[in-house]
Amino acid sequence: MLNLKFIQENKETVIERLAVKNFDARESVEKIIELDNLRKSLQQEAENKQAQMNIIAKQIGQLMQSGQKELAEKARQETSNLKTSIAELNNRRNDVGSELTDLLMRLPNMPHPSVARGKSEAENEIIKIVENIPQKHKDDLPHWDLAKKYDLIDFETGVKITGAGFPLYKGLGARLQRALIYFFLEENIKAGYQEVLPPLMVNADSGYGTGQLPDKDGQMYYVNEDNLYLIPTAEVPVTNIYRDMIVDGGKLPIKNTAYSACFRREAGSYGKDVRGLNRLHQFDKVEIVQITRPELSYEALDSMVKHVENLLIKLGLPYRIVRLCGGDISFTSALTYDFEVYSKAQDKWLEVSSVSNFEEFQANRLKLRFKDKGDKKTTTCHTLNGSSLALPRIVAALLENYQCAEGIRLPEVLQAFMGTDIIK
């Protein structure tokens, strides 16, 4: 959520910056300012009437003592009328406040000045590409055929059990999932992240706290009877650990990592891009989350980007790093770098990680602040998160890029976890 005072004082800047995200914010921003001014006006009017009522209340006692009962009764009636008026003003103020909060919740985060204008992913900026793309052979198979050939993933049984987008991993396929999760978590812990194991369901307050609600309401699985949401990413519960908290500034940065299953409806997805592991409704992912001081958040973002890059280097996968343009960056993000790995058999790049700085956007919604020792003032934190990594497309790229005549060779860093150097 954007800072209300900043919006009041920098209206045109907010409108111009959000235009980079192809979001026309003028009407919303002007309405927000109007509602904020009205709320303040109603608050001031209620306070004035309260002060007036307090004065009259003192006069009633004096009138009673002097025997002026008729005047005292009129004064009592006046305080009763004032009390009713104050209640009405407070109700109006609360209604205006609710409308104001709803508008603020629907306003996207402002993009960082480095974010370029653009309408879609086609206009994203490739900032690094590692050209170790393997040569494609005529007998190379896509990962869905390799998964069937080596009995790693059973897509058909997943459909029978649940539906499309819920694969069943088997044998070495299941073990490969476990090996990747273990590898990613161990690497994250070595980099100073504390491992947590969060709930897989969250309440609405948590969804609003990190910005999935109301923006991504239609993409989240919802359990109506319990008013709970299945998480689309571990970012949601892990960041919400610190909702409504004032953390010790001396403990920043806070760095957490978590493995979780993730659930996304992916409404509207269809065609070749959803085949195999390309797009699923349930998938595994390891996440990293940081909470930092504002002045250090972009330094933290750079370190997270380097960390994710190092994971891909250790896996030996061809990758590229992309800075998202305004048309592709998320509702909550100020700046996002995507990592994509090359899929040899599909001859395409597959996104496997987004690393984002949300600046104070999430922290404002979370009411997440920090205070240094001896300082009375609190400061809003910055939050960041990144996938390290999402498994489905990593598995797809590993199967396709490491296939050979003997089977599927495994990267050296996974061999100890897998108990073999080749799947055959």
Chemist: Are a donor atom and an acceptor atom from the side chains of Tyr319 and Glu340 found within less than 3.5 Å of each other?
Modeler: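 No pair is found: no donor N or O on one side chain lies under 3.5 Å from an acceptor on the other.
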
Chemist: Could you verify whether a donor N or O on one side chain and an acceptor N or O on the other, from Ser260 and Lys285, lie under 3.5 Å apart?
Modeler: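 No, no side-chain donor-acceptor pair sits under 3.5 Å.
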
Chemist: Does Glu299 have more than 12 heavy atoms from other residues, nucleotides or ligands lying within 6.0 Å of its CD?
Modeler: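 Result for CD/Glu299: open.
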
Chemist: Please lay out, stage by stage, how Arg39 and Asp36 fare under the test salt bridge (Lys or Arg N to Asp or Glu O under 4.0 Å).
Modeler: CA-CA 5 Å; Arg39 184 176 56 119; Asp36 187 37; 2.7 Å; yes

Chemist: Measuring only between side-chain heavy atoms, which start at C-beta, is Met105 closer than 4.5 Å to Arg365?
Modeler: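 In contact.
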
Chemist: Between atom CZ of Arg320 and atom CG of Asn124, what is the distance when rounded to the nearest 0.5 Å?
Modeler: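 The CG atom of Asn124 is 9.0 Å from CZ of Arg320, to the nearest 0.5 Å.
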
Chemist: Return yes if some donor-acceptor pair links the side-chain N/O of Ser387 with the main-chain N/O of Ser353 below 3.5 Å, else return no.
Modeler: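 No; judged by distance alone, with no hydrogens or angles, the pair does not exist.
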
Chemist: Taking the basic N atoms (NZ, or NE/NH1/NH2) and the acidic carboxylate oxygens, is any pair closer than 4.0 Å for Lys11 and Glu30?
Modeler: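 Between Glu30 and Lys11 there is a salt bridge, with a charged N closer than 4.0 Å to a carboxylate O.
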
Chemist: What I'd like to find out is whether the side chain of Leu315 reaches to under 4.5 Å of the side chain of Ile394, using heavy atoms alone.
Modeler: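 Yes, close enough: below the 4.5 Å cut-off.
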
Chemist: Would you check if there is a donor-acceptor pair between the side chains of Asp284 and Gln177 at a distance under 3.5 Å?
Modeler: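 Side-chain D/A pair, Gln177 to Asp284: present.
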
Chemist: Please determine whether a side-chain nitrogen of the Lys or Arg among Lys344 and Asp140 lies less than 4.0 Å from a carboxylate oxygen of the Asp or Glu.
Modeler: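 A salt bridge is present here (some side-chain N lies under 4.0 Å from a carboxylate O).
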
Chemist: Could you tell me whether Glu16 and Arg26 make a salt bridge, using a distance below 4.0 angstrom between a side-chain N and a carboxylate O?
Modeler: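 No.
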
Chemist: By the definition side-chain contact (heavy atoms from CB on, under 4.5 Å), identify the one residue from Leu185, Asn256, Asn188, Val286 that meets it with Glu195.
Modeler: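 Running side-chain contact (heavy atoms from CB on, under 4.5 Å) over Leu185, Asn256, Asn188, Val286 with Glu195 returns exactly one hit, Leu185.
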
Chemist: For the pair Asn91 (side chain) and Ala87 (backbone), establish whether a donor and an acceptor sit closer than 3.5 Å, ignoring hydrogens and angles.
Modeler: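 Answer holds: yes.
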
Chemist: More than 12 non-hydrogen atoms from neighbouring residues, nucleotides or ligands closer than 6.0 Å to CD on Glu27, yes or no?
Modeler: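 No, the 6.0 Å shell around CD holds no more than 12 heavy atoms from other groups.
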
Chemist: Assess the side chains of Asp347 and Tyr342: does a donor N or O sit below 3.5 Å from an acceptor N or O?
Modeler: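 Yes.
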
Chemist: Do Val196 and Val238 have side-chain heavy atoms sitting under 4.5 Å apart?
Modeler: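 Side chain of Val196 against side chain of Val238, heavy atoms only: contact under 4.5 Å found.
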
Chemist: Is Asp375 reaching over with its side chain to a backbone N or O of Lys371, donor-acceptor style, under 3.5 angstrom?
Modeler: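 No: the side chain of Asp375 does not pair with the backbone of Lys371.
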
Chemist: Can you find a heavy atom in the side chain of Leu104 that is under 4.5 Å from one in the side chain of Ile7?
Modeler: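 The answer is yes; the side chains approach within 4.5 Å.
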
Chemist: With a 4.0 Å cut-off on N to O distance, would you call Lys190 and Glu187 a salt bridge?
Modeler: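 Salt bridge flag = yes for Glu187 with Lys190.
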
Chemist: Can you confirm whether Ser356 sits close enough to Leu335 that some side-chain heavy atom of one is under 4.5 Å from a side-chain heavy atom of the other?
Modeler: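 They are not in side-chain contact.
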
Chemist: Starting at CD of Glu412, measure out to NZ of Lys314 and round the result to the nearest 0.5 Å.
Modeler: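 One finds 11.0 Å between CD of Glu412 and NZ of Lys314.
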
Chemist: For a quick check under 3.5 Å, do Gln362 and Thr383 share a side-chain donor-acceptor pair by atom type?
Modeler: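 Indeed, the side chains of Gln362 and Thr383 share at least one donor-acceptor pair under 3.5 Å.
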
Chemist: Can Gln52 and Asn48 be counted as having a side-chain donor-acceptor contact under 3.5 angstrom?
Modeler: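 The criterion, which ignores hydrogens and geometry beyond distance, is not satisfied for Asn48 and Gln52.
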
Chemist: What's the verdict on side chain to side chain contact (heavy atoms under 4.5 Å, CB included) for Ile126 and Ile321, showing C-alpha distance, side-chain angles and the deciding distance?
Modeler: CA-CA 6 Å; Ile126 299 171; Ile321 307 174; over 6 Å; no

Chemist: Could you check whether any side-chain heavy atom of Leu146 comes within less than 4.5 Å of a side-chain heavy atom of Gln403, counting everything from C-beta outward?
Modeler: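 Counting from C-beta outward, Leu146 and Gln403 do come under 4.5 Å.
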
Chemist: Is there a side chain to side chain contact (heavy atoms under 4.5 Å, CB included) between Tyr337 and Leu324 once you walk through the steps?
Modeler: CA-CA 6 Å; Tyr337 293 98; Leu324 301 193; over 6 Å; no

Chemist: Please tell me if the side chains of Leu368 and Asp244 come closer than 4.5 Å, counting only heavy atoms from C-beta onward.
Modeler: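 Result no, sub-4.5 Å side-chain heavy-atom pair not found.
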
Chemist: Does a salt bridge link Arg265 with Asp217, judged by any charged N lying under 4.0 Å from a carboxylate O?
Modeler: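 No.
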
Chemist: Would you mind checking if Asp151 and Lys170 are paired as a salt bridge, meaning a charged N to carboxylate O distance below 4.0 Å?
Modeler: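 Here Lys170 pairs with Asp151 in a salt bridge, since their nearest N and O are under 4.0 Å apart.
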
Chemist: Considering all heavy atoms of both residues, which atom of Asn22 and which atom of Gly327 are nearest to each other, and what is their separation?
Modeler: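 Smallest heavy-atom distance, with atoms named: ND2-CA, 3.4 Å.
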
Chemist: So, taking the atom named OG in Ser297 and the one named CG in Leu252, what distance separates them when rounded to the nearest 0.5 Å?
Modeler: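 Here the rounded value is 11.5 Å.
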
Chemist: Hey, does Ser333 have a side-chain heavy atom less than 4.5 Å from the side chain of Asn109?
Modeler: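 A side-chain contact under 4.5 Å is absent here.
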
Chemist: State, without any angle test, whether Thr210 and Gln212 hold a side-chain donor-acceptor pair at a distance under 3.5 Å.
Modeler: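 Short answer, yes.
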
Chemist: Any side-chain donor-acceptor pair under 3.5 Å between Thr157 and Asp154?
Modeler: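 Yes, Asp154 and Thr157 have a side-chain donor paired with an acceptor closer than 3.5 Å.
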
Chemist: Is the backbone of Asn278 close enough, under 3.5 Å, to the side chain of Arg393 for a donor and an acceptor to pair up by distance?
Modeler: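 Flag set: sc Arg393 to bb Asn278 pair under 3.5 Å.
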
Chemist: Parallel under 30°, tilted from 30 to 60°, perpendicular over 60°: which one fits the rings of Tyr221 and Phe263?
Modeler: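 The arrangement is perpendicular - the two ring planes meet at more than 60°.
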
Chemist: First locate atom CG of Asn3, then atom OG1 of Thr380, and finally report the distance between them rounded to the nearest 0.5 Å.
Modeler: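 Asn3 atom CG to Thr380 atom OG1 measures 7.0 Å (nearest 0.5 Å).
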
Chemist: Do any pairs count as a ring pair (Phe, Tyr, Trp, His ring centres under 6.0 Å) and have a residue in residues 354-400, sequence neighbours left out, and if so which ones?
Modeler: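 Every pair satisfying ring pair (Phe, Tyr, Trp, His ring centres under 6.0 Å) with a residue in residues 354-400: Phe331-Phe361.
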
Chemist: Can you confirm whether the side chains of Ser206 and Asn203 place a donor and an acceptor under 3.5 Å from each other?
Modeler: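 Distance-only check passes for Ser206 and Asn203.
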
Chemist: When you look at CD of Glu121, are more than 12 heavy atoms from neighbouring residues, nucleotides or ligands closer to it than 6.0 Å?
Modeler: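 Result for CD/Glu121: open.
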
Chemist: Passes salt bridge (Lys or Arg N to Asp or Glu O under 4.0 Å), Glu309 versus Lys306? Steps please.
Modeler: CA-CA 5 Å; Glu309 182 178 14; Lys306 289 178 183 176; over 6 Å; no

Chemist: Angle class for the His307/Tyr193 ring planes (parallel below 30°, perpendicular above 60°, tilted otherwise)?
Modeler: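 Tilted: the ring planes of His307 and Tyr193 meet at 30° to 60°.
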
Chemist: Report yes or no: does Arg106 contribute a side-chain atom to a donor-acceptor pair with the main-chain N or O of Ser28 at less than 3.5 Å?
Modeler: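 Not at all, since once roles are kept as given, no pair shorter than 3.5 Å links the two residues.
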
Chemist: Is Glu156 salt-bridged to Lys160, cutoff N-O under 4.0 Å?
Modeler: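 Looking at Glu156 and Lys160, the cut-off is not met.
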
Chemist: Kindly check if the number of other-residue, nucleotide or ligand heavy atoms within 6.0 Å of NZ (Lys424) is above 12?
Modeler: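 Atom NZ in Lys424 is not packed in, count stays at 12 or less.
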
